[in-house]
Amino acid sequence: MQVFDKAFQHLERPFAWLDMQALDTNIKFINQRVRDKKVRIATKSIRSIQVLNYIYEKLENVSGFMTFTASETCYLLENGFDHLLIGYPVWEENSVLPIFDYIKKGYDVCFMIDDVRQAKWLNALAKRENLEISICIDINLSIESSIIYFGTRRSSIKTIKVLKELLDSLQKLSHLQINGVMGYEAQLAGVGDVPIQKWKRPIIQQLQKRSRKQVAKFRNEAVDTILSVTGELEFVNGGGSGSIDFTSQCPEVTEITVGSAFFNPALFDQYSALNLRPAAGFALRITRNPEENVVVCHGGGYIASGAISIDKQPVLYEKGKFEYFSLEGAGEVQTPLKVITKETLKLGDTLYFRHAKAGELCERFTKLEAVRNGQHINSFKTYRGDGQCFL
């Protein structure tokens with residue numbers, strides 16, 4: 001990593017880095033693979049105003065942004081962002097009411113619901129403010145059987161019958177307008193088909209093959225059912241970074257949410273269809289050498305959220321040179337590593353890592369240090385660097 005070392009030699013470790021050439025390559029890959037679909041940028045995967053704007057300018061066909069909380073949505077509106085879909089149901093009046101003020105000014109913000117109780121709460125607030133607001137219905141595309149639940153537990157809308165009951169209830173709410181549908185195929189977009197544990201691969205690949213048929217069938221039926229009531233929809237949102245090829249071929253989908261693919265975090269090494277470059281990570285300094293073939297870095301315990309598994313730890317940018325110790329791993333204040341090659345390392349050297357998930361990296365650092373052609377070119381503030389913390 002001599003190129004990185006030269007670019008970042010003046011920076012205090014640890015720091016987060018952003019490879020602009022790799023980011024550009026990933027943006028180009030997205031532009032080529034989404035076909036005729038629009039891209040909705042997932043803000044949770046980026047968490048930097050400056051980088052979100054950079055990606056927005058480089059993409060060829062953007063529908064807007066998918067946010068993750070009401071307060072984050074307010075923050076983006078304050079910074080000039082528009083066309084925002086809040087990707088999750090919200091229940092925070094203090095943050096929702098300021099969003100209403102922006103809607104009154106003409107900004108496009110859409111709220112997510114999958115339950116009439118969420119809709120009634122929003123409707124009551126909108127009625128009080130004498131405002132009609134847009135909502136998006138989130139349908140559940142998971143596969144459920146007595147043996148396995150393959151997908152994510154989020155939306156309560158698992159059948160057309162439940163969807164019709166919701167639509168009937170929504171017709172009675174005077175200040176809501178159904179403008180969108182989201183069908184997120186988490187078991188395709190969020191589960192790699194070549195996991196680290198090789199024994200899982202044929203199982204996951206078979207489940208995903210079966211899931212594609214069910215996803216396409218149910219999402220089509222759901223969209224038709226909603227259109228029979230609304231007559232039209234502004235958008236049908238699907239997919240994610242891990243299912244671009246599949247979702248781009250689904251005729252009912254108008255836009256694909258993409259976030260992680262821009263940074264290509266470590267978990268996305270487990271997707272056979274993604275030809276992406278690692279674009280973001282963090283750097284630690286070696287400060288100890290307690291024995292031969294063992295080095296210790298200062299910091300590094302940036303473990304990703306989700307089910308406990310070995311793939312939630314950060315990975316080394318340069319593969320095949322180091323291993324974690326099974327009883328220690330990446331630690332809060334230090335990370336010991338076993339050196340498995342004839343690497344010549346000394347105290348003060350820097351090792352470069354990649355976080356398992358994209359956006360969570362930015363919760364640990366106030367800036368992303370940008371490099372291009374071996375030169376440090378800029379420092380982009382993260383949400384944390386702007387003094388923000390949303391989830």
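In this text, all values refer to a predicted model and were calculated from it rather than measured experimentally.
- Inspection of the Asn53 and Glu57 side chains reveals no N or O donor paired with an N or O acceptor under 3.5 Å.
- Paired with Glu255 under the rule salt bridge (charged side-chain N to carboxylate O under 4.0 Å, His left out), one option of Arg40, Lys37, Arg35 passes, and it is Arg40.
- Asn79 CG: more than 12 foreign heavy atoms inside a 6.0 Å radius.
- The environment of Lys357 atom NZ is dense: over 12 non-hydrogen atoms of other residues, nucleotides or ligands sit within 6.0 angstrom.
- When hydrophobic clusters are built by joining Ile, Leu, Val, Met, Phe, Trp and Tyr residues whose side-chain heavy atoms come closer than 4.5 Å, directly or via intermediates, Tyr56 is not grouped with Met66.
- Inter-residue side-chain proximity for Thr350 and Arg13 is flagged as met; some heavy-atom pair is nearer than 4.5 Å.
- In this structure, Leu274 and Phe29 have side chains that are in contact, with non-hydrogen atoms separated by less than 4.5 Å.
- Counting only N and O atoms by type, the side chains of Ser95 and Ser71 include no donor and acceptor under 3.5 Å apart.
- Under a 4.0 Å N-O distance rule, the pair Arg285/Glu12 does not qualify as a salt bridge.
- Looking at Asn130, its side chain never comes within 3.5 Å of a backbone N or O of Ala126 through a donor-acceptor pair.
- By the 6.0 Å contact criterion, NZ on Lys104 is enclosed, its count of non-hydrogen atoms from other residues, nucleotides or ligands being greater than 12.
- Without hydrogens or angle criteria, Asp224 side chain to Glu221 main chain gives no donor-acceptor distance under 3.5 Å.
- Counting heavy atoms of neighbouring residues, nucleotides and ligands inside a 6.0 Å radius, atom CD of Glu343 exceeds 12 of them.
- The closest donor-acceptor contact from the side chain of Ser48 to the backbone of Lys381 lies under 3.5 Å.
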Next item on the list: Please assess Lys164 against Thr225 for the test side-chain contact (heavy atoms from CB on, under 4.5 Å), listing each intermediate value before the final yes or no.
Entry: CA-CA 7 Å; Lys164 287 180 176 179; Thr225 300; 3.8 Å; yes
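- Panel note: side chain Gln249, backbone Asp245; a donor-acceptor pair is recorded below 3.5 Å.
- Asp24 and Tyr54 share a donor-acceptor pair across their side chains, judged by distance under 3.5 Å alone.
- Looking at Ile340, Asn293, Leu345 one by one, the single match for side-chain contact (heavy atoms from CB on, under 4.5 Å) with Phe322 turns out to be Leu345.
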Margin query: Is there a ring-ring contact (aromatic ring centres under 6.0 Å, His included) between Phe15 and Phe282? Walk through the geometry before answering.
Written below: CA-CA 6 Å; Phe15 64 86; Phe282 60 92; 9.6 Å; no
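- If you chain together hydrophobic residues whose side chains sit under 4.5 Å apart, Met182 and Val162 never meet in one group.
- When only modelled atom types and interatomic distance are considered, Ser156 and Asp115 share no side-chain donor-acceptor pair under 3.5 Å.
- With hydrophobic clusters built from ILVMFWY side chains whose heavy atoms lie under 4.5 angstrom apart, Ile286 does not share a cluster with Val296.
- Ring-centre distance between Phe268 and Phe263: not below the 6.0 Å cut-off.
- For the residue pair Ala222 and Ile139, the shortest heavy atom distance occurs at CB-CD1, 3.7 Å.
- Note on Asp138 versus Arg154: salt bridge recorded, some NZ/NE/NH1/NH2 to OD/OE distance being below 4.0 Å.
- Relative to the ring axis of Phe68, Arg47 places its NZ or CZ within 45° and under 6.0 Å from the centre.
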Notebook entry, point to check: Yes or no on salt bridge (charged side-chain N to carboxylate O under 4.0 Å, His left out) for Arg128 and Glu93, after CA distance, side-chain angles and deciding distance?
Noted result: CA-CA 12 Å; Arg128 193 175 83 193; Glu93 184 173 333; 2.8 Å; yes
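- Using a 4.5 Å cut-off on side-chain heavy atoms (C-beta onward), Leu351 and Thr335 make no contact.
- The pair Glu129-Lys127 fails the salt-bridge criterion, with no side-chain N (NZ, NE, NH1 or NH2) lying under 4.0 Å from an Asp/Glu carboxylate O.
- For Lys105 and Tyr102, the positive end sits near the middle of the six-membered ring, less than 6.0 Å away and at most 45° from its axis.
- Linking ILVMFWY side-chain heavy atoms closer than 4.5 Å, directly or via other members, places Ile99 and Ile49 in a single hydrophobic cluster.
- Among the candidates Phe4, Phe8, Phe353, the single residue satisfying the ring pair (Phe, Tyr, Trp, His ring centres under 6.0 Å) test with Trp17 is Phe4.
- For His298, the NE2 atom is loosely surrounded, since the number of other residues' heavy atoms within 6.0 Å does not exceed 12.
- The side-chain hydrogen bond (donor to acceptor under 3.5 Å, both in side chains) test with Tyr383 is passed by exactly one of Gln388, Lys44, Glu72: Glu72.
- Under 4.0 Å is where a charged nitrogen must lie from a carboxylate oxygen, and between Glu360 and Arg364 no such pair does.
- Heavy-atom minimum distance, Met20 versus Arg372: CB-NH2, 3.3 Å.
- A donor and an acceptor atom, one from each side chain of Gln177 and Asn179, are located under 3.5 Å apart.
- Heavy atoms from other residues, nucleotides or ligands lying under 6.0 Å from CD of Glu232 number 12 at most.
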